[in-house]
Amino acid sequence: MSQSSFTLTRRSFSIFGAGAIALGLTACGGGTRPGGAGSGTTAWTLTGGAEAMFRATFDEWNEKHSDSKIKVEYFSNDSYKEKIRTAIGSGNQPTLVYSWGNGGTLRDYVKNNKVIDLTGKVDEAASRALPSVLDAGKIDDKIYALPNNNSQPSMLYLNKKLFNEHGVIAPRTWNDLLAAVDAFKGAGVTPIAVAGSSQWPYLMWIQYLTDRIGGPEVFQRVLDGEADAWSDPAIKEALEKIQELVKAGGFGTGYGSVVSDASADVALVYTDKAAMILQGSWIYSDFLNAAADWMAEGNLDVVAFPEVPGGKGDLSNVTGNPANFWSVSADATEEDQETAIKFLNEMNLGETAIKALIEAGTVPAAANIEESLSASERSDYLEFAYGLVRDAAHFQMSWDQALDAGPAQALLQNLSQIFLLDITPDDFIKNMNGTL
């Protein structure tokens with residue numbers, strides 16, 4: 001895969017808490033809530049991120065369909081999560097339900113008959129989506145959710161300025177990465193920035209290493225609830241390599257107190273204090289907004305996660321957040337469901353949406369958009385990130401979103417202890433097997 005010089009939105013993909021999706025909140029009041037079931041065709045989505053795209057597509061739909069308008073409400077990330085939990089539990093969710101794909105949350109929706117099977121009903125919309133992303137909306141090979149915005153793969157960002165100054169090559173293999181760590185440590189530069197205080201940035205390391213070593217089947221066995229699934233040798237080797245990297249000084253010192261919400265991890269890179277960061281495409285906007293001059297000098301580069309010699313995983317596999325998704329409420333009226341399905345087939349990841357997403361510097365989760373990307377002023381970056389997703393043999397969702405709430409929290413806590421060298425890989429495996 002070619003290395004591109006280039007000089008997306010912050011990770012709004014967060015855990016809903018699948019096991020706590022208000023299915024025990026059905027006693028939280030009857031009646032119809034504003035914007036919920038019984039209020040006509042409705043949709044709830046988030047402010048920030050892809051908000052401009054959603055406004056453009058819904059506005060266009062409503063202008064063209066005055067007899068079947070969709071009422072849209074926008075919420076901050078945390079407000080939405082709280083509101084949708086309660087709404088789902090009481091049967092007052094909007095017609096179009098915004099979610100994060102086939103993690104614990106969507107599985108919970110399907111299990112409890114809260115969203116409908118869209119297979120065969122959204123063929124037009126499905127044909128516009130990238131296959132690797134479309135798969136993230138399926139449960140048992142049936143479509144329950146359609147990708148609705150930008151894909152956010154995780155990549156290794158490089159401070160090209162520091163790599164050139166110290167004569168370090170971009171890492172293509174795990175040994176290359178260790179050599180780069182040794183070189184930067186010797187030069188007094190933090191090799192890799194990571195926001196350890198936020199815990200979730202650690203996930204990208206265990207996910208990529210596990211996949212590179214053992215392939216996506218390893219974590220699938222965890223999702224399937226197989227006994228002792230966390231005992232897979234690929235997971236143990238991944239944990240050992242993480243601690244090898246920590247002991248080699250890969251993350252410098254004080255990484256456990258760095259907070260991602262303040263973009264402190266990204267700042268370490270554009271202030272030339274750190275040489276690398278493994279993060280999702282959502283941080284690209286941070287570089288653009290906070291370090292415009294540094295970016296204009298061509299100081300940022302990106303590569304795919306390195307190969308682990310002897311590993312079984314396909315090097316095209318990626319991790320991150322495939323996209324956000326639309327499902328259709330099972331509690332909506334048949335008329336409102338039909339309107340929502342027509343909207344998806346006509347507007348979802350259509351021309352208006354793609355244009356707005358590219359203008360925002362994000363990567364639409366849509367197929368056959370190479371020509372549109374090449375016309376962008378940020379074409380090098382967008383084409384690279386898009387290529388990762390388009391060519392991926394498998395796109396693995398962030399583990400904290402794929403798992404139910406309890407195991408996800410246990411994973412974050414135990415992984416943090418691995419990075420801080422407070423527990424061993426065997427301790428991690430024992431603790432996580434206890435969550436299955």
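Numbers here simply count residues along the sequence, with the first being 1. Since we're looking at a predicted model, the values are computed, not measured.
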Next item on the list: Assign the ring pair Trp230 / Phe428 to parallel, tilted or perpendicular, where the plane angle (0 to 90°) is split at 30° and 60°.
Entry: perpendicular
Note to self: Under 4.0 Å between a side-chain nitrogen and a carboxylate oxygen: does that hold for Arg390 and Glu370?
What the structure shows: yes
Check: Val218 and Thr210: which non-hydrogen atoms are nearest, and at how many Å?
Finding: CG1-CG2, 3.7 Å
Notebook entry, point to check: Do you know which of Phe384, Tyr381, Tyr270 makes ring pair (Phe, Tyr, Trp, His ring centres under 6.0 Å) with Tyr284?
Noted result: Tyr381
Check: Given the rule in the ring pair (Phe, Tyr, Trp, His ring centres under 6.0 Å) test, do Phe251 and Phe419 qualify, once you have shown the distances and angles that lead to the verdict?
Finding: CA-CA 9 Å; Phe251 304 101; Phe419 271 81; 5.5 Å; yes
Check: Quick one: are the ring centres of Tyr74 and Phe54 less than 6.0 Å apart?
Finding: no
Next item on the list: Give the intermediate values and the outcome of side-chain hydrogen bond (donor to acceptor under 3.5 Å, both in side chains) for residues Ser260 and Asp265.
Entry: CA-CA 6 Å; Ser260 67; Asp265 50 349; 5.5 Å; no
Notebook entry, point to check: So Thr424 and Asp427, side-chain hydrogen bond (donor to acceptor under 3.5 Å, both in side chains) or not? Walk me through it.
Noted result: CA-CA 5 Å; Thr424 67; Asp427 294 330; 3.1 Å; yes
Check: Does the distance from a Lys or Arg side-chain N to an Asp or Glu carboxylate O, for Asp135 and Lys138, drop under 4.0 Å?
Finding: yes
Notebook entry, point to check: What pair of heavy atoms forms the shortest contact from Pro309 to Trp174, and how long is it?
Noted result: CD-CB, 4.3 Å
Notebook entry, point to check: Are Leu421 and Lys247 side-chain neighbours, meaning at least one heavy-atom pair lies under 4.5 Å?
Noted result: yes
Next item on the list: Establish, yes or no, whether a centroid distance under 6.0 Å links the rings of Trp100 and Phe325.
Entry: no
Next item on the list: Please determine which of Asp117, Val122, Leu344 meets the side-chain contact (heavy atoms from CB on, under 4.5 Å) test together with Val328.
Entry: Leu344
Next item on the list: Locate the shortest heavy-atom distance separating Leu177 from Met276; write the atom from each residue and the value.
Entry: CD1-SD, 3.7 Å
Next item on the list: For Leu412 and Leu203, run side chain to side chain contact (heavy atoms under 4.5 Å, CB included): C-alpha distance rounded to whole Å, both residues' side-chain angles, the deciding distance at 0.1 Å, then the answer.
Entry: CA-CA 8 Å; Leu412 293 176; Leu203 282 169; 3.7 Å; yes
Check: Closest heavy-atom contact between Asp404 and Arg107?
Finding: OD1-NH2, 4.0 Å
Check: Does the side chain of Ser316 come under 3.5 Å of the side chain of Asp314 through a donor N or O and an acceptor N or O?
Finding: yes
Next item on the list: Identify the heavy atoms of Val363 and Ala385 that sit nearest to each other, and give their distance.
Entry: CG2-CB, 3.7 Å
Check: Where is the tightest heavy-atom contact between Leu130 and Ala366, given as atom of each residue plus distance?
Finding: CG-O, 3.5 Å
Check: Is the Tyr144-Tyr109 ring centre distance short of 6.0 angstrom?
Finding: no
Next item on the list: Compute the ring centroids of Phe305 and Trp205, then answer whether they are less than 6.0 Å apart.
Entry: yes
Item checked: side chain to side chain contact (heavy atoms under 4.5 Å, CB included) assessment of Leu245 paired with Leu178 -> CA-CA 7 Å; Leu245 198 58; Leu178 291 176; 3.8 Å; yes
